[in-house]
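These notes are about the structure you will find just below.
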Amino acid sequence: MSAENLETSPNQDNHTGNGPPLLELRGITKSFPGPAPGTTIAANDGIDLTLRRGEIHAVLGENGSGKSTLMKVIYGYHAPDASKVSPDSYRWLGRPALPGSPAAARRLGIGMVFQDFSLIPALSVAENVALFLPGQGRMLRRRQLVRRIEQFAGEYDLEIDPRQRVDDLSLGERQRVELVKLLLAEARLLIFDEPTSVLAPHEVDGLFRVFSALKDNGYSVLFITHKVREALAVSDNVTVLRRGRVTATAPSRRFDAPSLVAAMVGAENAPPSAAPEPASAAPAVPKPPQTPPAHPPTTPEQTGGAQKETALEFREVSTGRAPRPLSRFRGTTPGGLNAVSFSVRRGEILGVAGVAGNGQRALGEALLGLEPVRRGSILLFGQPVTGHTVSDALKGGVSVIPENPLSDAMVPDMRVDENLLLAGLGRGRPAGFWLNRNTIANRAEAIRAGFPLTMAGPAAPVRSLSGGNIQRVMLAGELGQGASIFLAYYPTRGLDVLSAGATRRLLLEQSNAGAAAVLVSEDLDELLALSDRLLVMYRGRIAGEFAPSEASPQEIGLLMTGHT
Amino acid sequence: MSVFWLVISGTLTGAVGPGISVLYAVYGELITERAGRINLGMEGCLLVGACFGFIATAETGSAGLGVLAALTAGGLLAAIHACLVINRDTSQIAAGLALTLFAGGVTAYAGRDYVDSIITGLNPIAIPGLAAIPVLGEALFRQDILAYVSYALGPILWFTLQYTRWGLSLRAVGESAAVAFAAGRNPALLQWTAIVLGGALAGIGGAQLSVGLTHTWSEGMTAGRGFIAVALVIFGLWSPLRGMLGALLFGGAVGLQLQLQALGAPVSPFLLDMLPYLLTLAVLAVWTGAASRAMPEGLKGILRTG
């Protein structure tokens with residue numbers, strides 16, 4: 001591997017156009033079977049992309065714009081549509097080289113870090129790396145491997161202990177392991193699928209420094225993001241995808257945030273006031289004018305009495321199994337709550353920040369009564385409800401928009417309208433004993449009419465919908481019930497920029513109408529824009545509490561990863 | 001004092017012999033489970049090993065050929081399991097149990113003329129020098145050749161799993177077949193190998209029971225040892241070395257029972273027979289944290305509900 005570093009001398013030849021580009025794609029098209037039999041949907045539609053040695057290239061686009069599909073085509077995971085393939089489609093160092101499998105792509109020198117890493121938690125870092133290195137004899141030379149890992153990790157300031165088990169590592173550390181794995185396997189093009197989605201803000205900066213260092217050593221980096229700021233932060237070039245097509249590609253210095261947002265969402269959809277907060281993609285749809293900034297927490301039109309009323313309170317709530325004192329594998333039960341206290345008033349939005357898996361899920365499970373509360377108590381409008389059932393919670397005005405609607409809150413084989421009705425049934429508002437098709441249809445239609453987002457037709461089975469459409473049905477069902485306490489998990493996940501903006505507006509409207517809301521999100525920008533107060537969760541505890549104005553993303557990021 | 005000492009030394013001496021057949025089955029099940037599969041047909045593999053090993057030895061007069069026949073029978077039976085669960089995607093629990101019942105029938109039929117016949121078989125070989133060590137020498141170094149092989153197999157298996165690429169691949173498949181596949185391994189082939197190898201090892205264990213330890217064949221003579229092995233793999237937290245300890249424990253329970261019976265102790269042998277099961281149940285109840293951490297990820301869908 002040291003030979004490789006010598007051979008690819010830093011930078012000089014990279015930008016002068018000396019020799020063929022590392023990777024050239026011409027007219028890549030990839031279709032998948034559509035919802036109706038016989039139809040197809042082009043996830044990638046005639047995509048061109050050029051990547052030179054020592055280049056950092058960002059691929060920007062919304063969910064469903066075809067970014068991941070393109071990366072998987074490059075990595076040999078998906079084969080592009082055969083009818084559109086020519087020798088020019090895929091050139092590696094100037095030669096036609098379309099890889100037929102990930103293994104073939106790896107032989108070319110392409111490595112990919114998937115969003116959900118391909119590491120085995122029960123094995124050590126070194127063993128995981130060994131698994132991916134091509135055959136080097138029958139024996140594992142652990143000591144040698146550990147040395148090489150430490151050498152690479154040291155070169156790029158990646159703190160990794162090769163002897164640790166992967167399940168003891170944070171997501172950021174696992175990402176570093178993936179990177180070292182690729183470097184040891186002598187990849188020269190490193191593809192990252194949404195690498196920042198698992199990282200806290202300060203870790204993102206660290207990752208980008210690593211990208212720069214890799215570039216200086218002649219590696220090429222191709223990474224996916226849906227955040228404009230990240231696309232502009234380190235890349236030499238940006239390619240923007242929208243609905244499977246390239247809408248812009250150029251050196252990043254020629255772009256600014258508004259032009260990238262316009263390319264992402266299409267000129268006709270771009271916000272007229274050219275992106276008020278260029279630092280972020282989230283405010284592409286600005287807060288509705290009629291809502292004042294979330295501060296102060298209460299809006300003027302509310303009555304003095306309602307202002308103070310606490311809708312939801314957690315007092316020292318702990319869930320999950322108690323840590324056993326003598327266990328060698330002690331520690332808090334993963335995902336459980338540990339003495340969590342907070343309260344939300346009517347008309348207030350409480351944001352919960354944290355890396356996924358730090359107790360956010362347990363919040364909802366405790367609130368809904370799905371998970372027994374081991375210690376402490378939960379109060380709805382001042383009434384203790386600990387030990388309640390799901391039905392109690394729903395009748396008490398609680399509404400939860402879950403993390404995974406399809407598995408947590410919907411019956412996939414039932415129709416859209418049936419699922420909408422189901423959301424209301426639990427609240428003691430059934431349409432009589434018999435289910436009358438007309439009543440169901442009318443109710444569903446009423447919800448649809450009152451809902452500002454385009455939604456799938458009532459007769460479609462939920463299973464057949466895309467993630468964004470399912471999320472819309474979920475939102476319509478929950479936000480349309482007039483609940484007084486909302487707990488929303490990643491409510492804008494999977495939605496396009498416009499729907500996401502409308503969803504945020506809906507939440508603000510509900511809040512202004514006097515509902516209390518808890519908003520769990522991984523998107524710090526979204527949290528900062530919507531919340532009146534912000535909690536940071538780490539390992540089931542509240543690691544910090546802020547007003548959005550006094551919180552810096554860096555500070556929050558440090559708390560999210562357990563630094564105090 | 002001297003009675004106590006007699007019981008101890010007698011128990012130890014008696015512990016190793018009955019433990020060997022279980023130990024082979026533990027190795028076999030352990031390889032299978034580290035590859036992410038479970039084979040409840042271990043009892044059947046032991047049984048066909050015991051039966052066909054005995055028949056081959058009786059017919060040819062060669063214990064070596066007997067062991068070879070046992071190994072083949074165990075491997076073939078396990079191959080049926082592999083085909084069912086890997087290629088046909090059958091329930092592993094149902095397939096394993098059905099194979100055990102099938103083996104019970106087949107061996108009862110095939111072995112019906114050999115019940116009560118006696119063969120020379122494998123006999124203890126005292127290791128010069130080592131056999132003279134008090135108590136331990138008697139227990140460990142006056143055994144048949146298959147016992148000595150089993151002593152070596154534990155560390156070899158451990159080393160293979162930890163320090164060879166094949167071992168790493170096998171463990172990787174047991175943890176995540178998808179990741180192993182992405183890393184260029186062939187999960188189906190690795191699991192086939194593990195299951196067949198596991199069955200062959202259990203077959204040898206069966207031969208040790210009939211050809212080595214007892215020199216007889218009787219219907220159903222394995223008496224649940226294959227199932228005990230499945231439990232002992234959990235008891236040993238999927239480590240071959242701890243598995244050896246588990247097998248010794250089982251043997252010890254048998255040895256102790258024989259000693260107590262010989263002394264006329266007022267404890268029912270039926271109660272003593274339960275000892276290994278009780279120990280395993282206790283371990284399952286107490287070591288859940290450790291067991292769930294050590295358990296190969298691929299087994300969790302079958303062995304754990306929560």
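Residue numbers begin at 1 in each chain, while the letters A, B, ... track the order of the sequences.
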Identify which part of [X] has an atom lying under 4.5 Å from any heavy atom of chain B, answering side chain, backbone, both or neither.
X	answer
A:L131	both
A:A103	neither
A:D167	side chain

Check: A:F114 ring centre within less than 6.0 Å of A:Y75 ring centre: yes
Do A:R361 and A:E365 meet the salt-bridge criterion of a basic N to acidic O distance under 4.0 Å? yes
Quick check: closest heavy atoms across B:W238 and B:L30, and the distance to 0.1 Å? C-CD1, 3.6 Å
Suppose the criterion is side chain to side chain donor-acceptor pair (under 3.5 Å): which pairs have a residue in residues 78-91 of chain B, not counting sequence neighbours? B:N87-B:W192
Residues at least two apart in sequence or cross-chain that pass side chain to side chain contact (heavy atoms under 4.5 Å, CB included) with B:A177, listed by chain then number, are B:P187
At a 4.5 Å cut-off on heavy atoms, which part of B:F159 comes close to chain A: side chain, backbone, both, or neither? side chain
Contact winner vs chain A - B:G184, B:A182, B:P296, B:S176, heavy-atom pairs under 4.5 Å: B:A182
